[in-house]
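Quick notes on the structure that follows.
Counting begins at 1 with the first residue of the sequence. Order of listing sets the numbers, starting from 1, for every ligand and every atom in it.
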Amino acid sequence: LRIVRHHAELRELGHEVGFIPTMGALHEGHLSLIRQSASERLVTVVSIFVNPLQFGPQEDFVRYPRDEARDADLAAQAGADVLFVPDASWLTEGILTTIHVGKIGDRFEGEFRPGHFDGVATIVCKLFNLIGSCRAYFGLKDLQQCAIIQAMVRDLNMPIELRFLPTIREVDGLAMSSRNIYLTSEERDVAPNLHRILTDCAVEMANRPVKSCLEHAAQTLKALGLEVDYLACVDRNTFADCTVLSAKSALIAAVRLGAVRLIDNLLIEM
Ligand code: PAF
């Protein structure tokens with residue numbers, strides 16, 4: 001594994017690049033993306049950058065877990081060739097130009113985290129520009145992020161081939177996330193209910209109106225102590241509400257459990 005800190009050293013990567021942008025704190029979800037790229041025989045580049053542009057003022061930018069040595073070991077084992085770790089803040093400090101993702105970024109995560117998706121899109125655009133034409137891998141756990149990046153690549157004609165891979169879960173169903181380490185052991189026991197209730201809700205929606213299933217699921221989450229920020233059925237590409245299920249529908253949710261916010265989703269199989 002070659003560790004690269006400045007983009008000048010990225011120039012001689014060659015053409016067949018697989019790129020996995022991350023904020024570090026790697027878990028099985030990230031590793032599945034790295035393994036997929038490596039299995040496609042691409043020069044596999046993983047970036048680690050905790051992007052200040054995508055954190056709100058009250059969020060966890062400062063305490064976000066950082067452990068480069070551990071991440072480097074995991075990335076190497078999963079088959080990464082290059083770890084791109086831009087030094088500190090030269091990537092974002094003093095920039096004047098940013099990406100605004102439009103209305104797809106205003107709802108759901110965008111409503112609860114104003115500016116978040118503009119920050120994500122801006123850094124992902126910058127990283128794409130530094131890496132060059134490539135195949136880029138993202139986890140479906142952040143479904144709205146996937147939709148936004150898909151729209152950005154299409155709208156701005158970026159020479160990037162996108163791959164979105166399934167959410168990796170703990171055995172009890174909890175979606176893997178770098179932020180799961182913030183859960184207390186009591187909260188960790190409650191957290192898998194989110195996936196369970198989304199799964200039950202998806203089953204119910206095959207036979208009952210979407211709206212009443214969502215209401216029922218929201219009540220069940222609440223009764224378990226999960227405060228619902230949103231729970232909705234949307235088109236997975238546009239994030240417009242779905243009142244009738246289609247093969248493009250997804251159930252999306254964000255809940256708060258103590259100080260931790262969990263997000264998850266389920267793609268509806270039809
Ligand atoms: O999903 C993430 O970890 C981040 O949003 C990303 C894509 C690396 C941009 O900072």
Exercise. So which protein heavy atom does atom 3 (O) of ligand 1 come closest to, and at what separation?
Worked result: M23 CG, 3.7 Å
Exercise. Is the NZ or CZ atom of R236 both under 6.0 Å from the centre of the six-membered ring of F164 and within 45° of that ring's axis?
Worked result: no
For this session: Do me a favour and list the nearest non-hydrogen protein atom to atom 10 (O) of ligand 1 with residue, atom name and distance?
Result: Q54 OE1, 2.6 Å
Exercise. Going by atom types only, do H116 and E109 share a side-chain donor-acceptor pair under 3.5 Å?
Worked result: no
For this session: Could you tell me which atoms of ligand 1, counted from 1 in the order shown, lie closer than 4.0 angstrom to a heavy atom of P21?
Result: 8 (C)
Exercise. Which word best sums up how the rings of F55 and F61 line up, parallel for under 30°, tilted for 30 to 60°, or perpendicular for over 60°?
Worked result: perpendicular
Exercise. Should you measure from each heavy atom of T22, which atoms of ligand 1 turn up under 4.0 Å away?
Worked result: 8 (C)
For this session: Anything under 30° is parallel, anything over 60° is perpendicular, the rest tilted; go ahead and classify W90 against F84.
Result: tilted
Exercise. More than 12 heavy atoms of other residues, nucleotides or ligands under 6.0 Å from CD of E161: is that the case?
Worked result: yes
Exercise. Any N or O on Q145 sitting closer than 3.5 Å to an N or O of ligand 1?
Worked result: yes
Exercise. With atoms numbered from 1 as shown, which atoms in ligand 1 lie under 4.0 angstrom from a non-hydrogen atom of I123?
Worked result: 9 (C), 10 (O)
